[in-house]
Amino acid sequence: MNTFIGIDLGTSAAKLLLVTADGRILSSECASYPVRYPADGWSEQDPVDWFDGVIAAAKRLLKGQDKASVRGIGLGGQMHGLVALDKHGKVIRPCILWNDGRTEKETAYLNEEIGKNSLLEMTGNIAYAGFTAPKILWLKKNEPKNFEKIAKILLPKDYIVYRLTGEFSSDYSDFAGTLLLDVEHKCFSEKMCEICGVKKEWLPTLRESYETAGTLVKDIADELGLESDVIVCAGAGDNAAAAVGTGIVRDGDCNVSLGTSGTVFIPRDEFDGGSGDSLHNFCHASGKYHLMGCILSAASCNRWWMEEVLKNSDFNGEQRGAESMLGKNSVYFLPYLMGERSPHNDVNARGAFIGLRPDTSRTAMTLAVLEGVAFALKDCVEAAKKGGAKIESTRICGGGAKSPLWRKIIADVLGVPVEIPKVEEGPAYGGAILAMTAYGAYPTLEAAVAATTSVKETVLPDKRIVEHYKHRYEIYKKLYPALKDVFAKM
């Protein structure tokens with residue numbers, strides 16, 4: 001049977017899967033790489049570290065496997081990162097990541113001087129600090145010598161595709177997050193490129209996520225022991241790839257991701273510009289569109305609380321006993337450790353515990369962290385509902401989704417059933433499904449998704465707890481506005 005490699009190029013690590021055409025996972029491997037924080041609120045990575053990690057993990061992934069059966073490779077990757085290459089295809093400077101907050105001035109310039117309405121007309125979205133276009137403006141102003149060297153601009157997963165195939169390629173779902181794409185019409189925005197000083201020849205070829213970008217270059221094929229005709233598909237942004245991996249491709253579906261960041265992902269058959277000032281209007285890996293709300297810190301909040309504050313690696317043990325407190329907790333947590341994107345768009349926002357008392361327990365604070373992330377995701381859901389979206393259930397993925405308690409909290413806070421996919425591998429699994437489609441193992445992406453994804457368990461909301469959380473959410477909504485000016489002065 002033919003097999004396919006799926007790659008999730010994450011922020012802290014790359015995850016690789018070897019998957020059969022009917023969706024069975026034969027092996028998996030990970031490769032970690034460092035994140036550098038050269039200044040407060042900045043975050044960068046060396047793209048060469050990504051590629052070296054992917055190749056090393058691929059060798060381990062394929063050890064003892066039938067390499068001749070591998071027919072395709074697909075990627076899902078962290079979005080928005082600015083990978084600038086020179087005329088020799090070499091990395092000019094470290095990639096400025098999606099959660100980097102240095103572009104406050106550039107974001108304000110785009111939203112206030114160019115104007116949000118103009119941005120919505122040109123691209124379908126307003127500017128956020130994490131987007132690629134503000135990073136390009138920052139580079140142009142602060143590192144003009146590096147800016148002058150640019151010959152190509154790519155996104156993180158596109159750099160891997162380039163190294164694997166020699167092709168400068170991207171896809172619509174990922175490139176929608178650059179603010180250089182007219183999302184509705186699926187073409188580069190010439191006006192935005194002009195505003196950012198981006199030359200047409202710097203831009204990659206755009207494809208649908210399930211289309212082939214190229215085949216393996218000979219030296220990489222030889223190094224991995226693969227055939228040189230193995231195809232590499234264009235791939236997708238991590239959230240679009242995760243949605244494919246969880247089976248979320250139909251209009252009205254919903255997926256919640258509890259990864260380093262958190263997202264609410266809602267596919268739409270038609271472009272929906274009604275929520276562009278609070279949610280992202282992006283292209284989906286299916287060839288259609290989606291609305292997405294993104295919070296910058298999700299599972300990373302729990303990891304910070306556990307590892308940096310409590311110095312405890314027993315995540316499930318720390319949550320023991322918290323279920324009896326659901327809906328009754330008097331402690332609130334704002335999960336804005338890296339600033340916030342949807343719906344506040346505030347790089348100055350910071351995390352906060354509120355409501356502490358002399359009898360506040362460690363368990364109450366642990367629960368508050370999980371609840372705070374769930375409330376932030378509900379902010380995104382409520383914004384989508386205002387735009388007309390109807391969410392009757394959601395699937396869930398990401399590292400945080402492995403917590404039964406957190407899944408229950410999401411169900412009760414959102415007030416909808418939460419479905420756990422049979423395969424909980426998110427973007428890497430989605431990347432493999434995209435590769436199957438590109439190779440022709442299935443006639444359409446929808447057919448590939450139907451054959452490889454299913455639900456193994458559903459968590460139903462508890463009506464009594466749902467009502468408690470409705471009351472608590474009303475209080476939560478008032479906390480950020482009350483602290484917004486304080487955050488700015490800090």
Side-chain angles (χ1 to χ4, degrees), residues 41 79-82 96 98-142 144 147 150 153 155 172-200 202-203 206 237 266 268 270-283 289-296 336 339-349 379-380 382-384 386-389 480-481 484-485 487-488:
M79 297 178 68
H80 313 303
L82 173 59
I96 305 174
W98 59 273
N99 57 357
D100 187 284
R102 76 184 70 184
T103 61
E104 181 180 6
K105 292 180 180 178
E106 290 74 20
T107 304
Y109 162 74
L110 290 171
N111 283 331
E112 295 169 14
E113 295 192 35
I114 301 301
K116 290 183 178 181
N117 289 335
S118 295
L119 292 176
L120 287 169
E121 183 178 341
M122 289 186 288
T123 72
N125 295 279
I126 64 170
Y128 290 82
F131 281 9
T132 317
K135 295 180 174 75
I136 295 171
L137 289 173
W138 182 92
L139 190 67
K140 184 178 181 181
K141 178 181 179 181
N142 295 279
F147 186 83
I150 295 176
I153 288 174
L155 295 165
Y172 295 108
S173 78
D174 207 359
F175 219 81
T178 63
L179 208 65
L180 299 175
L181 187 75
D182 177 343
V183 174
E184 182 177 9
H185 301 102
K186 290 190 172 182
C187 62
F188 297 119
S189 170
E190 293 184 7
K191 290 183 180 179
M192 274 303 299
C193 288
E194 182 180 343
I195 289 168
C196 295
V198 172
K199 299 177 182 178
K200 185 177 181 180
W202 293 0
L203 299 170
L206 294 181
I266 305 168
R268 308 290 277 180
E270 305 293 335
F271 178 77
D272 181 356
S275 303
D277 59 345
S278 55
L279 300 177
H280 306 330
N281 288 288
F282 290 167
C283 302
Y289 301 93
H290 72 269
L291 289 175
M292 185 173 75
C294 177
I295 64 173
L296 294 181
Y336 310 140
E340 190 54 298
R341 192 180 292 181
S342 304
H344 304 309
N345 197 13
D346 186 355
V347 298
N348 294 314
D379 277 342
C380 299
E382 292 303 309
K386 288 180 181 178
Y480 168 76
K484 180 179 179 179
D485 291 343
F487 290 143

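Bear in mind that the values here come from a model prediction, so they are computed numbers and not experimental data. Sequential numbering from 1 along the given sequence is applied to the chain's residues.
- Leu179 is not listed as a side-chain neighbour of Ile126, based on a closest heavy-atom distance of 4.5 Å or more.
- With sequence neighbours left out, the side chain to side chain contact (heavy atoms under 4.5 Å, CB included) criterion links Glu184 to Asp182, Phe271.
- The number of heavy-atom neighbours closer than 6.0 Å to NZ of Lys191, taken from other residues, nucleotides and ligands shown, is 12 or below.
- Tyr480 and Asp346 form a side-chain donor-acceptor contact under 3.5 Å, judged by distance and modelled atom types alone.
- For the pair Ser173 (side chain) and Cys283 (backbone), a donor-acceptor distance under 3.5 Å is absent.
- With hydrogens and angles ignored, the 3.5 Å screen pairs no side-chain donor or acceptor of Ser342 with any backbone N or O of Gly293.
- Under the side-chain hydrogen bond (donor to acceptor under 3.5 Å, both in side chains) criterion, Arg268 pairs with Asp272, not counting sequence neighbours.
- Listed for the Trp202 side chain is a donor-acceptor partner under 3.5 Å among the backbone atoms of Ile150.
- For Asn142, the side chain to side chain contact (heavy atoms under 4.5 Å, CB included) test picks out Glu106, Trp138, with sequence neighbours left out.
- For Glu382, the CD atom is densely surrounded, since the number of other residues' heavy atoms within 6.0 Å is greater than 12.
- Side-chain contact between Leu110 and Met192: present, with at least one pair of heavy atoms (C-beta onward) separated by less than 4.5 Å.
- His344 has its ring centre no less than 6.0 Å from the ring centre of Phe487.
- Checking each of Val183, Thr178, Leu181 against Asn125 for a side chain to side chain contact (heavy atoms under 4.5 Å, CB included) leaves exactly one that passes, namely Val183.
- Qualifying side chain to side chain contact (heavy atoms under 4.5 Å, CB included) partners for Glu190, counting only residues two or more places apart in sequence or in other chains: none.
- Asp100 places no side-chain N or O within 3.5 Å of a backbone atom of Gly81 that could act as its donor or acceptor partner.
- The shortest distance between side-chain heavy atoms of Ile295 and Arg341 does not fall below 4.5 Å.
- Scored by the ring pair (Phe, Tyr, Trp, His ring centres under 6.0 Å) test, His290 finds Phe265, Phe282, His284 as partners (sequence neighbours excluded).
- Among residues two or more places apart in sequence or in another chain, the side chain to side chain contact (heavy atoms under 4.5 Å, CB included) test is passed with Phe188 by Phe175, Leu203, Leu206.
- Formation of a donor-acceptor pair under 3.5 Å by the Glu104 side chain with backbone atoms of Ala129 is not found in this model.
- Atom OG1 in Thr107 sits 7.0 Å away from atom CG in Asn345 (nearest 0.5 Å).
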